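Just so you know, these numbers come straight off a predicted model, no measurement behind them.
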Amino acid sequence: MAEQVLTDFIRALRSADVRVSTGEAIDAAEAVKLIGYADRQRLSDTLRCVLAKSPAEKLAHDRLFDLYFSRQPVPQSEPPAQEDSSESSESEGPGDLLDLLETGDETAIAMAMERAGQEAGLQDIRFSTQVSYFAQQMMKSLGIERLEGEMMKAFRERTEDGQAYAEELIDGRKQMFSRAREHAKQAFETYGAGATLAFREDVLAETALTALDVRDLGRMQVLVQKIAKRLAVKHSRRRRKKNRGQLDVRKTLRANAGFDGVPFDLAWKQTKRDKAKIVAVCDVSGSVARVVRFFLMLLYSLNEVVPDIESFAFSGRLEDVGDTLETDDFAAAMDKIVNSIGMSSTDYGQSLSDLKMNHWNALDRRTTLIILGDGRSNYGDPRLDLFREAAGRVKRVIWLTPEGESLWGSGDSELPRYRPHCHTMKQVTTIKDLERILDEALSRYS
Amino acid sequence: MTKTGYEPLTSIDAITAGLASVGYISTREISTAIYLAHNLRKPILIEGPAGVGKTDLAASMARYLDVSLNRLQCYEGLDEGKALYEWKYGKQLLYTQLLKEKLGEVMDGAGTLNAAFDKLTSFEDLFYSETFLEPRPLLTAMKQDKGSVLLIDEIDKSDEEFEAYLLEVLSDYQVTVPEIGTIRAQVPPLVILTSNNIRELGDALKRRCLHLHIDFPEAEREQAIVRARVPDVSDALLKQLVDFVQGLRDLDIRKRPSISETVDWARTLLLMHATELDEEMVRSTLNVLLKHESDIQAVDKDVRTLARAAASAN
């Protein structure tokens, strides 16, 4: 039983995004053996020390610990409680509803709920819509049938006493059901809430950016942070890498001068990795603006790995928006940009020449130039010459567009003419696409 | 449980009391972590802002247990030669030179090249023995018979590869030297790792460690800490200055004052014979607490309100 309590708690933690390995679970079991369940405060201190390994995980732990151990009977105090209810439970199975109602013993009811919950498999609850179902299941295992039978019998007697008794039973049934619901709800908050969130995030990651709802924006921000962290962990390896195989003669000689020139310590040539630099040029007119919003959000969450980010927005004219975006309130900054820059008709040629006039120095050989736009330039001059020149200055050119490949070149779209100068031209629809592109762009710096 | 040299670590309360006896004001959480680390034989990873006493905890534990403190300061490029052990190449070379003649004598009897070679190989271990082994902090910690406290400071500044080296040391308390064999700690050291979160640590390392997050202390604990370090400070001043520092930490500044800076400030105020906090005094000594010019300017307008609030709280 004691172990079951811990295992279930770890399960709850895992559902809330706290990573607990098997080794850590074993550590936790040993720690609990040492500390015991008697002192709640001490137990909480112990588990958060052994299981939760970052501030976020500690928060999750504290929340779940309170939820979980507020309803869990403390294992060591259990045996006496079981003795109390053993007389009634021997004949009619665990905690019969009728007996419970008659005695009205709070501890016995709580115990019975707990048992019924386990029988109903409550730890598998995942969605809030399942609460009622699990409450029903719990009522069944509590022996609702016998209570209902008793109730019908009382009705059939057609006496005043019988009626009153039946009314009493109906009340009791209601009361028990709401308790079971309460219990199931709490279980959902412990085991399910985290899982639902994870599920929603998976869905969001695959949803087209243009189809996102306003109410998803908050969650999207969390998701973007997670993706950014994933990329950061992957790409923040150190900048120097040892190049075994090529001896650095000068360094070796200097290092071993003290040993009479006998080379004990070998020094190897090292290559330095370029620091990543990304210049984003984004079309913020109408249709593309939504995708741009998430792209820039992701880009600016990456400042841990990409120390150098410059961003420009355009529709008719091009402007530097880096400073505007370096604030805490990203959403407001983005709104401001779209409203001030995104209102004129799109002109790629003019924007490229603005880039050349004012910001050409931003493009250098360690730059990855990412252009986000549909390439619809209202039949203006696309200024391919400038684009070719820009492509020659930088390390890589990536063009992202929200439109599918079949539409490239239709109407005023100039994409096929820009395409030969790009290293990659890709359609992006979901946040996952963006992650993949940035991942690829960043791995060119290793 | 394995038998170890640290007798005093029998209960959480004993640890709190023991740390207090060497001047470290512990919390429930800190003592619990130490207790678990000792009994489960696990290292502790301590995270938290700079200057909250992470390193000091290790030093205090060593003082309290009366064992040696082996400190390994991590930095980018730290490798096993500097952390585990190194051969004393120079000494080896010197010995070979000095023993040249002796070698000649020894070799004298050998008629053929093969015989000489055989003789030589029988001496080879001479040069790869513990005499020529330069132990670095990790190995030193393993070799302490009484047990020791091993502090691996600012592990987040080291490279990822170095984390991997550490895994053997941290999970089995042993170091493998290919030429000699495996050196295992008789009494496993109490290992404390600290991190300022410059980079995210690897999961493998985190899995093997207990995790303790130490944040800036509550007012009450900070008062106790300052009291322990600066016993002469008056109660009224102590309360006021700690309240002021606590208020300062809530402001939007680049570097929030650490505990050691509070202690320094208390000493400064004491030197200036202050009995109460007043605005002028605060302004003239603010540079003890804040180390960036921009921070001092940023809090300029708040000094008056903070100082008044702290003074009136009594």
Contact part of A:R19 toward chain B, heavy-atom cut-off under 4.5 Å: side chain, backbone, both or neither?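 Contact with chain B involves the side chain of A:R19 alone.
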Contacting moiety of A:L51, where chain B heavy atoms sit under 4.5 Å: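 Answer is neither: A:L51 stays 4.5 Å or more from chain B.
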Who wins among B:H213, B:R207, B:E29, B:K206 for the most heavy-atom pairs under 4.5 Å with chain A?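 Most heavy-atom pairs within the cutoff with chain A belong to B:R207.
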A quick test of your reading: do over 12 heavy atoms of other residues, nucleotides or ligands sit less than 6.0 Å from [atom1] of [X]?
X      : atom1 : value
A:E440 : CD    : yes
B:E134 : CD    : yes
B:F216 : CZ    : yes

Any residue meeting side-chain hydrogen bond (donor to acceptor under 3.5 Å, both in side chains) with B:Y173, in chain and number order, not counting sequence neighbours: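 If we apply the side-chain hydrogen bond (donor to acceptor under 3.5 Å, both in side chains) test to B:Y173, skipping adjacent residues, there are no hits.
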Using a cut-off of under 4.5 Å on heavy-atom pairs, state which of A:S44, A:C49, A:A31 scores highest against chain B.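 Looking at each option in turn, the highest pair count goes to A:C49.
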For the candidates A:K53, A:R42, A:E24, A:K229, which exhibits the highest count of non-hydrogen atom pairs separated by less than 4.5 Å from chain B?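 Between A:K53, A:R42, A:E24, A:K229, the count favours A:K53.
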Starting at [atom1] of [X], measure out to [atom2] of [Y] and round the result to the nearest 0.5 Å.
X     : Y      : atom1 : atom2 : value
B:L36 : A:T46  : CG    : OG1   : 5.0 Å
A:R48 : B:L212 : CZ    : CG    : 9.0 Å
B:N39 : A:K33  : CG    : NZ    : 12.5 Å

Measure distances from B:I12 to the heavy atoms of chain A and classify the residue's part below 4.5 Å as side chain, backbone, both or neither.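 Just the side chain, heavy atoms under 4.5 Å.
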Is B:D203 in contact with chain A via its backbone, its side chain, both, or neither, using a 4.5 Å heavy-atom distance?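 Side chain only.
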List the atom of B:L40, the atom of A:D27, and the distance in Å for their closest heavy-atom pair.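 So the two residues come closest at CD1-O, 4.1 Å.
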Counting only non-hydrogen atoms closer than 4.5 Å, can you tell me which residues of residues 54-63 of chain A sit against chain B?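 The residues closer than 4.5 Å to chain B, in numerical order, are A:S54, A:P55, A:K58.
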